[in-house]
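Naming: A, B, ... by sequence-line order, numbering from 1 per chain. This structure is a prediction, so every number in the text was calculated from the model and none was measured.
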2 protein chains.
Amino acid sequence: MAADKRVSDLLRENGLKATKGRVEMLGLFLKAGRPLGQMQIMEMLGLKLDRASVYRTLNAFTEAGIIHMAYVNGRHRVYELPDKCSGRNCHPHFSCRSCGMTACLEGFQVRYKGNLGKGFVAERQKVLIEGLCPDCKEK
Amino acid sequence: MAADKRVSDLLRENGLKATKGRVEMLGLFLKAGRPLGQMQIMEMLGLKLDRASVYRTLNAFTEAGIIHMAYVNGRHRVYELPDKCSGRNCHPHFSCRSCGMTACLEGFQVRYKGNLGKGFVAERQKVLIEGLCPDCKEK
DNA sequence: AGCATGGATGCGACATTATTGCAATAATAA
DNA sequence: TTATTATTGCAATAATGTCGCATCCATGCT
């Protein structure tokens with residue numbers, strides 16, 4: 001598959017060996033276009049990869065900067081491609097406090113005003129807006 | 001102790017029985033003036049309460065709205081009084097990506113612009129700014 | 001292409017955080 | 001004071017994530 005070749009190159013450019021599992025996982029992120037957690041990844045891949053490998057790959061991708069942890073939903077860490085985030089300006093997410101459904105909020109701008117304090121360096125911001133989704137609002 | 005009486009009343013006003021453990025825990029939050037996690041609470045109370053009770057109490061307080069979960073630090077959930085948050089305008093936190101140190105950012109304003117979308121209701125926002133603290137910046 | 005090598009994988013064991021069931025206990029209302 | 005009912009403590013269990021180690025395989029070299 002030609003797409004796999006591009007994914008492999010992307011991995012190597014970031015100093016990572018292009019193993020089968022990694023190519024599949026990165027392919028998932030590229031196709032999905034939405035945040036993914038370990039469980040979802042395993043299910044989407046048909047449980048072909050070991051749990052430990054998925055975790056290790058997520059960590060490797062994160063260290064390499066290929067993905068980043070978007071937010072924590074309950075006990076689940078959810079990752080995504082950083083392509084919609086420019087450095088310290090990550091796009092926010094919405095989370096329903098009732099059903100746990102989460103979504104990216106694009107076209108949403110967050111600005112903050114104030115000083116962090118002497119010596120602090122801000123690298124990025126994570127914004128999570130909590131509330132009710134349309135379904136849960138009904139009840 | 002007179003302070004305990006006030007704390008007990010605060011609990012009953014929120015529909016919670018004023019048990020010894022709850023009074024002590026809520027007292028901690030009121031005195032601390034900073035975010036607390038389960039482990040810190042146990043240590044501050046000298047391990048007098050059972051782990052399960054601390055977790056159940058944190059959940060009860062959260063449901064009652066007496067406290068809320070400020071952020072997740074690694075695997076630790078950290079709670080705080082919502083007194084510095086007015087509804088949908090919670091104060092942000094800073095977290096050092098190197099040493100894990102976290103702090104409340106008061107005197108910091110966050111504004112966001114955009115529409116959530118049809119039917120969504122925003123109840124509050126959580127903002128976490130990640131970066132380096134002065135100590136870790138040195139290295 | 002074949003081979004060497006070091007990183008990646010799979011597996012099981014372990015660590016950590018959080019929740020649950022149940023009997024005993026304590027806080028509230030009468 | 002007593003009855004009622006929620007809460008606690010304890011142990012067991014769940015859920016998420018990490019680690020060690022033997023094996024495997026992607027890569028670079030010849």
I'd like to check the side chain to side chain contact (heavy atoms under 4.5 Å, CB included) partners of [X]; sequence neighbours left out, ordered by chain and number.
{"X": "B/Met44", "result": "B/Leu28, B/Arg34, B/Leu36"}
{"X": "B/Ala103", "result": "B/Met101"}
{"X": "B/Ala60", "result": "B/Leu16, B/Arg22"}

Any pair counted as side-chain hydrogen bond (donor to acceptor under 3.5 Å, both in side chains), so long as it reaches residues 50-59 of chain A, sequence neighbours left out: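 Output for this query lists A/Gln38-A/Tyr55.
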
Mind checking A/Arg22 for me? I need base, sugar-phosphate or nothing, with any heavy atom below 4.0 Å counting as a touch.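 Sugar-phosphate, backbone atoms only, no base.
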
Using a heavy-atom cut-off of 4.0 Å across all strands, would you classify B/Ala60 as base, sugar-phosphate, or nothing? nothing

Who are the ring pair (Phe, Tyr, Trp, His ring centres under 6.0 Å) partners of A/Tyr79, not counting sequence neighbours?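 Result, ring pair (Phe, Tyr, Trp, His ring centres under 6.0 Å) vs A/Tyr79: none returned.
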
Taking only residues two or more places apart in sequence or in another chain, which ones pass ring pair (Phe, Tyr, Trp, His ring centres under 6.0 Å) with B/Phe29?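 B/Phe29: no ring pair (Phe, Tyr, Trp, His ring centres under 6.0 Å) contacts found.
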
Going 5' to 3' along DNA chain C, between which two nucleotides do contacts with chain B fall, using a heavy-atom cut-off of 4.0 Å? C/dT16 to C/dT28

Side-chain heavy atoms under 4.5 Å apart, restricted to Ile/Leu/Val/Met/Phe/Trp/Tyr: what other residues fall into the cluster of A/Val78, or is it alone? A/Tyr71

For the residue pair B/Ala70 and B/His93, what are the closest heavy atoms and their distance? CB-CE1, 3.6 Å

Which pair of heavy atoms, one from B/Leu49 and one from B/Met42, lies closest together, and at what distance?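 Taking every non-hydrogen atom into account, O-CE, 3.3 Å.
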
Pairwise 5' ranking along DNA chain D for B/Lys48 and A/Ala18, keeping only the more 5' one: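 Here B/Lys48 is the residue nearer the 5' end.
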
From OG (A/Ser8) to NZ (A/Lys17), nearest 0.5 Å: 13.5 Å

What are the atom names and distances for every N/O pair under 3.5 Å that joins the protein to nucleotides 19-25 of chain D?
unit_1: D/dG20; atom_1: O6; unit_2: A/Arg56; atom_2: NH1; d: 3.3

If you assign B/Tyr55 and B/Leu16 each to the DNA chain C nucleotide with the nearest heavy atom, which residue ends up on the more 5' nucleotide?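 The answer here is B/Tyr55.
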
Of A/Val54 and A/Arg51, whose closest DNA chain C nucleotide lies nearer the 5' terminus?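 The residue mapped nearer the 5' terminus is A/Val54.
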
Treat each ILVMFWY residue as a node, draw an edge where side-chain heavy atoms are under 4.5 Å apart, and state whether A/Leu128 and B/Ile129 are in one component.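 No, it is not one cluster - the side chains of A/Leu128 and B/Ile129 are not joined through contacts under 4.5 Å.
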
Report whether A/Ile41 and A/Leu47 are members of the same hydrophobic cluster (ILVMFWY, side-chain heavy atoms less than 4.5 Å apart, transitive linking).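 Yes, A/Ile41 and A/Leu47 fall within the same hydrophobic cluster.
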
N/O donor to acceptor pairs below 3.5 angstrom from side-chain atoms of residues 61-68 of chain A, sequence neighbours left out:
unit_1: A/Thr62; atom_1: OG1; unit_2: A/Leu58; atom_2: O; d: 2.7

Members of residues 61-79 of chain B that approach DNA chain C, where some heavy atom sits under 4.0 Å away: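 The stretch gives B/Arg75, B/His76, B/Arg77 as the residues lying under 4.0 Å from the strand, ordered by number.
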
Does a side-chain N or O of A/Asn59 approach OP1 or OP2 of D/dT18 to a distance below 4.0 Å, or not?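 Checking D/dT18 against A/Asn59, a side-chain N or O does come within under 4.0 Å of OP1 or OP2.
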
Computed from five pairs at either end and rounded to 10 degrees, the angle between the axes of the helix from C/dA1-D/dT30 to C/dA30-D/dT1 is 40°

Integer-rounded Å distance: D/dG17 C1' and A/Ile41 CD1: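 In whole Å, D/dG17 C1' lies 14 Å from A/Ile41 CD1.
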
